[in-house]
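What follows is a single structure, written as structure tokens, with notes after it.
As the structure is a computational prediction, the values presented were derived from the model and not from experiment.
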Amino acid sequence: MSEHEISTGAVPINFGATGVEEIKQNVRMILTTPQFSCPLFRDFAWNPEIDAPINIQQAKITSRLIAAIRKYEPRARPISVSFQGDGLSGVLKPTVRIAIKEDLSAWQN
């Protein structure tokens with residue numbers, strides 16, 4: 001099992017990614033895609049609610065990101081979510097720490 005930090009920074013898509021790199025790229029895609037923005041797959045990703053107090057917003061984003069990662073990339077196990085930015089600037093950038101185990105059968109609940 002390996003641990004990785006995934007942030008919302010711009011990284012080019014590698015269409016030939018496999019293994020751990022593919023999983024990390026998929027998690028990054030979930031982080032950077034707001035729900036309802038994918039044509040033909042409106043439910044994909046997570047819903048970034050706006051206009052809430054910073055502590056409530058962080059809790060909601062954490063919950064929604066963990067649920068989205070578990071749903072759309074089951075090979076990644078979310079460990080923690082941290083944030084950069086602040087409420088005064090109106091920007092919260094999540095960073096997710098995930099564990100990856102390539103044997104998917106070991107992760108089944």
Can you name the one residue among K24, R77, M1 that meets side-chain contact (heavy atoms from CB on, under 4.5 Å) with I100? K24
Tell me, please, which residues at least two apart from R64 pass side chain to side chain donor-acceptor pair (under 3.5 Å). E49
With sequence neighbours excluded, residues passing side-chain contact (heavy atoms from CB on, under 4.5 Å) with S82: T95
Kindly write out the residues that satisfy side-chain contact (heavy atoms from CB on, under 4.5 Å) with A17, not counting sequence neighbours, or none if the list is empty. N14, E21, E22, Q25
Once rounded to the nearest 0.5 Å, what's the spacing between atom CD1 of I61 and atom CD of Q58? 7.5 Å
Do any pairs count as a salt bridge (charged side-chain N to carboxylate O under 4.0 Å, His left out) and have a residue in residues 1-14, sequence neighbours left out, and if so which ones? E3-R97, E5-R97
What pairs of donor and acceptor atoms, side-chain ones from residues 65-72 against any protein atom, are under 3.5 angstrom apart with sequence neighbours left out?
{"residue": "K71", "atom": "NZ", "partner": "D43", "partner atom": "OD2", "Å": "2.7"}
{"residue": "Y72", "atom": "OH", "partner": "D43", "partner atom": "O", "Å": "2.7"}
{"residue": "Y72", "atom": "OH", "partner": "D43", "partner atom": "OD2", "Å": "3.2"}

Exercise: identify the closest heavy-atom pair between I6 and I98: CG1-CD1, 4.0 Å
Results of side-chain contact (heavy atoms from CB on, under 4.5 Å) for P53 - residues two or more places apart only: N55, I56
Student check: side-chain heavy atoms of C38 and T33 closer than 4.5 Å: yes
Going only through I, L, V, M, F, W and Y residues with side-chain contacts under 4.5 Å, is there a path from F41 to I30? yes
Return each pair, listed once, that meets ring-ring contact (aromatic ring centres under 6.0 Å, His included) where at least one residue sits in residues 6-30; pairs must be two or more places apart or across chains. none
Is it true that V81 and I54 fall in one hydrophobic cluster, defined by side-chain heavy atoms closer than 4.5 Å? yes
Distance-minimising heavy-atom pair for A76 and V27: CB-CG2, 3.8 Å
Identify the two heavy atoms, one from S37 and one from P39, that lie closest to each other, and give their separation to 0.1 Å. O-CD, 3.3 Å
With sequence neighbours left out, the residues meeting side chain to side chain donor-acceptor pair (under 3.5 Å) with K93 are none
Working to the nearest 0.5 angstrom, can you tell me the gap between L31 CG and T8 OG1? 7.0 Å
Restricting to side chain to side chain donor-acceptor pair (under 3.5 Å), what partner residues turn up for S2, sequence neighbours left out? H4
Partners passing side chain to side chain donor-acceptor pair (under 3.5 Å) against E73 (at least two apart in sequence or in another chain): N26, R75
